[in-house]
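Quick caveat, the model's predicted, so the values are computed rather than measured. All values below come from the heavy atoms of this structure, side chains included, with hydrogens, waters and symmetry mates left out. One-based numbering, in listed order, for ligands and for the atoms of each.
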Amino acid sequence: MAEKKIPFNKTQLENIAADYPTPFIIYDEKAIRDNARAFYRAFSWVGGFKNHFAVKACPNPAILRILQEENMGVDCSSMAELLLSEKVGFRGEEIVFTSNDTPGEEFAEAYRLGAVINLDDIGHIETLEKSAGIPELISFRYNPGEARTGNVLIGEPQEAKYGVTRDQVIEAYRIMKARGVKRFGLHSMVASNELENTYFVETARMLFELAVSLKQQCGISVEIINMGGGIGIPYRPGDRAVDMNLVSGGIRDLYKSLLVKEGLDPVKIVFECGRLVTGPYGYLVGRVRHVARKYKEYVGLDACMANLMRPGIYGAYHHITIPGKESLPADKVYDVTGSLCENNDKFAIDRPLPVIEPGDLVVIHDAGAHGYSMGFNYNGKLRSAELLLREDGSVRLIRRAETIDDYFATMRFPGAPVKI
Ligand SMILES: *Cc1c(COP(=O)(O)O)cnc(C)c1O
């Protein structure tokens with residue numbers, strides 16, 4: 001079972017909040033590094049193992065630099081993510097470009113960077129060729145359709161907009177081989193926030209079997225198998241984290257029985273995990289403004305859905321700790337809200353918590369991935385700062401909070417000179 005602890009006590013957090021007003025997201029550097037190392041240790045049997053961190057999960061250069069130091073690559077899906085990765089110093093095949101509905105200029109940029117381009121559709125071959133050219137190495141995203149069941153967050157594969165189908169996949173590789181491609185990758189991502197260990201072993205089986213088919217039917221030796229992201233994290237105290245050693249062991253057995261047997265060894269196995277890498281190690285910290293009694297009791301924070309969308313859009317559970325009150329009984333029931341004029345602006349509904357008073361700090365767990373990055377400006381809300389809790393206990397500002405000038409920056413006020 002997951003233990004929902006926080007890496008600071010109330011006094012430490014009050015000290016941080018004295019320097020950086022709430023709300024903010026704070027990332028735990030040591031925990032990110034320890035987890036990255038454990039991930040790599042679990043797959044140490046794979047030559048050239050890499051996790052290409054999904055930039056969309058946490059697009060902050062300081063975090064990306066830490067992950068680079070831990071030997072990770074990046075997974076990008078947009079121009080901004082490619083440019084950000086380049087600025088941080090990622091190069092060539094450290095970058096995977098897994099996009100969909102992709103414009104030509106993004107292919108051109110990925111090509112210029114020497115990224116591994118992962119095509120989402122047969123029709124994209126033409127866009128790639130026109131905008132950039134055919135690279136030496138190409139990969140396709142495979143969507144197995146009814147051959148696999150999906151999960152709640154991403155839905156059933158046959159309903160998903162991603163990837164080439166079972167009928168298309170062999171043809172897709174044949175076309176690329178005929179166009180002169182020399183090196184091949186293969187990718188799939190069919191689940192999101194999945195906690196079932198065997199799911200990932202089964203994804204490996206599916207991809208390994210497909211690699212064997214590609215060898216037999218097209219004479220292609222796939223050299224990179226990309227398992228995608230989607231490894232879940234234990235958001236709820238009752239959840240159990242994915243056992244990466246178990247997953248790795250299962251994949252290793254299949255590697256031997258399917259790939260080695262077919263003479264496909266060595267194949268580089270990679271992932272594109274985002275959530276697993278930073279999710280549990282980022283905390284949204286807000287302060288209670290009001291406690292209101294209506295038909296229910298509400299705790300109103302200075303943070304809102306603009307800082308963390310997941311509860312509002314997916315009904316996702318995020319654990320909440322009230323620093324200094326950890327050992328008090330959770331004998332009150334509250335809805336914990338923000339100040340948006342949207343009734344789904346709630347971090348928690350009917351959550352048992354200790355008695356809360358205005359001024360209390362509130363820590364919302366597991367905001368390190370798909371947290372800040374999903375933020376928005378609805379209702380004129382400004383995105384918060386991001387902080388890094390360093391290994392020596394010091395705190396560094398790694399992104400300032402937005403100001404009202406940022407909010408106004410794109411507007412053209414009546415009478416102002418027209419600029420494009
Ligand atoms: C979102 C996404 C990821 C990362 O997903 P996580 O749940 O953060 O691991 C990886 N690859 C692709 C193609 C994605 O769209």
Requested in this report: Count the heavy atoms of every other residue, nucleotide or ligand shown that sit under 6.0 Å from CZ of Arg240, and state whether that count exceeds 12.
Outcome: no

Query raised in the report: Which atoms from ligand 1 have a heavy atom of Asp75 less than 4.0 Å away?
Result: 10 (C), 11 (N), 12 (C)

**Report entry** Ionic contact status for Arg33 with Glu69, cut-off 4.0 Å
**Finding:** yes

Query raised in the report: What atoms in ligand 1 come closer than 4.0 Å to a heavy atom of Glu272?
Result: 3 (C), 4 (C), 10 (C), 11 (N), 12 (C), 13 (C)

Query - Check: Asn51 side chain, Met72 main-chain N or O, donor-acceptor pair, under 3.5 Å - result: no

Requested in this report: Please could you name the atoms of ligand 1 that Lys56 approaches to less than 4.0 Å, counting only its heavy atoms?
Outcome: 1 (C), 2 (C), 3 (C), 14 (C), 15 (O)

Requested in this report: Just jot down the ligand 1 atoms closer than 4.0 angstrom to any heavy atom of Gly230, in number order.
Outcome: 5 (O), 6 (P), 7 (O), 9 (O)

Query raised in the report: With a cut-off of 4.0 Å, which atoms of ligand 1 are near a heavy atom of Cys273?
Result: 9 (O)

Requested in this report: Answer yes or no: does an N/O atom from Ala54 fall short of 3.5 Å to an N/O atom of ligand 1?
Outcome: no

Query raised in the report: Between Val190 and Pro144, what is the shortest heavy-atom contact and its length?
Result: CG1-CD, 3.4 Å

Query - Atom NZ of Lys10: over 12 foreign heavy atoms under 6.0 Å - result: no

Query raised in the report: So is His370 polar-close to ligand 1, meaning N/O to N/O under 3.5 Å?
Result: yes

Query raised in the report: Between Lys182 and Glu136, is there a side-chain N and carboxylate O pair less than 4.0 Å apart?
Result: no

Query raised in the report: What part of Met189, side chain from CB on, backbone N/CA/C/O, both or neither, has a heavy atom under 4.0 Å from ligand 1?
Result: side chain

Query raised in the report: Under 6.0 Å between the ring centres of His319 and Tyr235?
Result: no

Report task. Go through ligand 1 atom by atom and flag the ones less than 4.0 Å from a non-hydrogen atom of Arg141. Result -> 13 (C)

